[in-house]
Participant: 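Structure incoming, see below.
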Amino acid sequence: MRLSQYLAPTLREEPAEAEIPSHRLMLRAGLMRKVAAGIYTFLPLGTRVIQKVEQIVREEMNRAGALEVRLPIVQPAELWQETGRWEEYGPEMFRLSDRHGRLFALGPTHEEIVTDLVRNTVSSYRQLPVTLYQIQNKYRDEVRPRFGVMRAREFVMKDAYSFDRDEEGMHRSYRAMYEAYERVFRRCGLEFRVVEADSGAIGGSYTHEFMALAESGEAEVVWCPRCGYAADVEKAECAPPAPSAEAMRPLERVATPGVRTIQALVDFLPIDVEHTAKILFYAASYGGGREELVAAVVRGDRMLNEVKLKNALGALQVRMADQEEVSRATGAPFGSAGPVGLKGARLLLDREVAAGRNWAVGANEEDWHLRNANPGRDFPSGPIHDLRLVGAGDPCPRCGAAMESRAGIEVGQVFELGTKYSEALGATYYDEEGRSRPILMGCYGIGVTRTVAAVIEQRHDEAGIVWPVSVAPFEVVVVPVHYADPAQREVADRLYRELGEAGVEVVLDDRDERSGVKFNDADLVGYPYRVTVGPKALARGEVELTRRATRQTESLPVERLVAALRERLAADRAVLSVE
RNA sequence: CGGGAUGUGGCCCAGUUUGGCAGGGCGCCGCGUUCGGGACGCGGAGGUCGCGAGUUCGAAUCUCGCCAUCCCGACCA
């Protein structure tokens with residue numbers, strides 16, 4: 001491809017609307033343009049990168065035995081009503097109606113459609129197992145689209161669904177996808193961790209997330225450097241606290257005028273923060289409009305994990321209760337609540353509070369606190385749950401070593417669904433004895449456009465993107481310093497032609513621009529290699545080969561360039577290889 | 001949905017406080033000079049100042065309403 005005939009509009013200045021590196025660079029390097037919040041047009045360069053990732057995904061899916069299909073984006077409401085998700089999915093689903101007033105959704109995911117397909121086409125155990133996948137746009141009307149394609153409303157996703165006769169088969173299918181995902185992300189050059197995750201609303205039992213480590217990530221990964229335990233912070237546990245050896249001291253009521261926060265309490269008494277406990281009030285909803293006020297007690301310096309709270313309660317949703325709700329139900333002034341004598345809310349203790357002694361807590365009375373409150377003596381000793389958010393430094397639940405934590409981008413997730421959808425939609429098969437059985441399902445997603453963003457987050461510098469060869473839009477750019485010069489033109493044209501013939505993905509920057517413009521664009525777009533054809537080296541019959549990642553340049557004879565470049569590319573591919 | 005900010009040519013921004021000719025840089029078109037890290041000169045095109053009302057002799061600027069975009073939070077298969 002000749003850049004003079006290509007559409008790669010790079011921007012000299014930082015787009016005002018973009019914050020994180022991948023978003024800024026995708027706009028600046030001419031990969032995409034915004035059309036509306038969370039909705040983008042992909043230009044030729046961006047399209048090529050997406051296709052590269054798609055192709056890697058496709059190869060690994062096919063290798064794992066999955067079959068590619070194309071399911072509709074426009075999906076009838078009836079199917080979603082059958083599983084109850086027409087209501088459940090809420091405002092995140094784009095909905096529309098046709099000219100007859102029939103309701104449809106733009107697919108945010110495809111469990112309903114694919115299960116409908118399978119219930120109508122699969123009836124015998126002989127047809128199982130089967131795994132179907134597609135690579136296609138998905139639509140989710142996110143509350144807050146942000147960071148470019150990181151959280152978009154229209155995005156490219158690979159989604160796969162496995163169908164098995166029994167649990168064992170489901171585990172096998174799951175394992176196959178899990179391994180395929182590891183290969184995909186390794187080939188894309190991502191630094192990632194596979195973590196245990198909360199199954200959330202999708203209702204499965206077993207699930208892992210694939211997290212690309214990056215500061216801009218919206219998720220947090222906690223892992224143990226010793227034994228390898230790794231989990232999404234929403235799910236992460238830590239080793240249970242040892243029961244306190246302290247003797248219970250007598251309960252003491254202390255005047256604490258104006259003290260409303262844990263920090264103020266620590267400073268005022270004074271007391272160490274490890275002996276303070278706080279109450280967090282939540283409104284838990286269980287469906288059918290049933291709501292309940294919940295009081296969760298955790299150590300003063302801990303954060304509550306809302307996902308754990310939700311799971312402990314078996315609630316559909318929890319939200320922090322507001323001041324007014326709390327004082328109405330408990331009669332306790334906000335900021336002075338404590339577990340001793342608390343009324344009007346369901347009390348839950350974090351393990352750490354249950355195991356501890358002599359807590360400083362609110363007295364349920366303005367300007368008063370209690371010291372040496374003890375579970376079992378002064379307030380109920382249960383129910384006990386693991387409610388706290390764990391983080392860096394907490395002991396590993398498996399081996400006790402101090403864990404580490406980093407932000408991550410969720411680029412993929414694998415789920416075992418069991419029979420949730422097959423039962424709702426009546427997807428069954430007949431076994432060898434002619435008995436009808438529900439099909440066991442799994443579902444597996446990769447955010448393709450998000451993966452592109454994750455690669456950029458991990459691989460960029462102040463000048464631009466630093467693509468790994470596997471997903472770069474082109475592998476090499478040939479830059480004649482001054483294309484109008486006949487000698488340079490002749491060599492540049494020849495190298496461009498020979499590289500193309502050798503199967504290298506190459507662009508020729510034949511634009512009538514100054515060399516500085518072309519060099520800067522080459523760095524911005526991030527082609528892994530640049531071949532510079534300039535008068536200095538050319539006088540010796542040489543050209544320069546520069547590696548984008550290191551900026552290292554070597555000069556070599558024109559006739560050796562093609563072979564040398566093929567060698568370098570082969571070596572780079574070997575690094576990303578999964579063989 | 002709560003909080004904050006911003007909307008002026010394709011891009012980045014000034015002008016709004018104190019109402020008075022719609023500006024600069026980049027990019028774009030033409031000519032010339034230049035040519036190893038975002039050149040220079042000359043000439044040129046391009047704007048309902050987010051939209052709608054209102055105040056005023058006069059509104060990018062003041063008032064009211066709406067919309068869009070971005071950030072933080074809540075939310076998130």
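Note that the structure is predicted; figures quoted are calculated from it, not measured. Proteins come first, then strands; the chains are lettered A, B, ... in the order of their sequence lines, and each starts at number 1.
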Participant: Check this one for me: any side-chain N or O of A:Arg146 less than 4.0 Å away from OP1 or OP2 of B:C72?
Facilitator: yes
Participant: Could you check how far CG of A:Asn520 sits from P of B:G36, rounded to whole Å?
Facilitator: 14 Å
Participant: Looking at A:Trp223, I'd like to know if the NZ or CZ of A:Arg406 sits under 6.0 Å from its six-membered ring centre while staying within 45 degrees of the ring's axis.
Facilitator: no
Participant: Using Watson-Crick or G-U wobble geometry with both distances below 3.5 Å, tell me the partner of B:C31, or none.
Facilitator: B:G41
Participant: How is A:Lys518 classified with respect to the nucleic acid when contacts are heavy atoms under 4.0 Å: base, sugar-phosphate, or nothing?
Facilitator: nothing
Participant: Has the side chain of A:Arg511 got a donor or acceptor atom that lies under 3.5 Å from a matching backbone atom of A:Ser4?
Facilitator: no
Participant: Are the aromatic rings of A:Tyr206 and A:Phe415 close, with centres under 6.0 Å apart?
Facilitator: no
Participant: Across the strands shown, which category fits A:Tyr89 at heavy-atom distances under 4.0 angstrom: base, sugar-phosphate, nothing?
Facilitator: base
Participant: Just name whichever nucleotide pairs with B:G7, Watson-Crick or G-U, keeping both distances under 3.5 Å, else none.
Facilitator: B:C67
Participant: Relative to each other, are the rings of A:Phe185 and A:Tyr181 parallel, tilted or perpendicular (30° and 60° limits)?
Facilitator: perpendicular
Participant: Give me the distances for all protein-to-nucleotides 1-12 of chain B N/O pairs that come in under 3.5 Å?
Facilitator:
residue: B:C12; atom: OP1; partner: A:Ala16; partner atom: N; Å: 3.0
residue: B:C12; atom: O2'; partner: A:Glu13; partner atom: OE1; Å: 3.1

Participant: Hey, what's the ring geometry for A:Phe474 with A:Tyr527, parallel, tilted or perpendicular (30° and 60° as the breaks)?
Facilitator: tilted
Participant: Kindly say whether, by distance alone, the side chain of A:Glu544 makes a donor-acceptor pair under 3.5 Å with the base of B:G36?
Facilitator: yes
Participant: Across the strands shown, which category fits A:Asp485 at heavy-atom distances under 4.0 angstrom: base, sugar-phosphate, nothing?
Facilitator: nothing
Participant: Do any N or O atoms of the protein come closer than 3.5 Å to N or O atoms of nucleotides 29-34 of chain B, and which pairs are they?
Facilitator:
residue: B:U34; atom: O2; partner: A:Arg514; partner atom: NH2; Å: 3.3

Participant: Tell me what A:Pro535 touches on the nucleic acid: a base, only sugar-phosphate, or nothing, going by heavy atoms under 4.0 Å.
Facilitator: base
Participant: Answer with yes or no whether the side chains of A:His208 and A:Gln413 bring together a donor and an acceptor at under 3.5 Å.
Facilitator: no
Participant: Which is true for A:Arg551 with a 4.0 Å heavy-atom rule: it touches a base, it touches only sugar-phosphate, or it touches nothing?
Facilitator: nothing
Participant: Can you tell me how far P in B:C11 sits from the matching atom in B:C70, rounded to whole Å?
Facilitator: 14 Å
Participant: Quote, to the nearest angstrom, the C1' distance that separates B:U8 from B:G47.
Facilitator: 8 Å
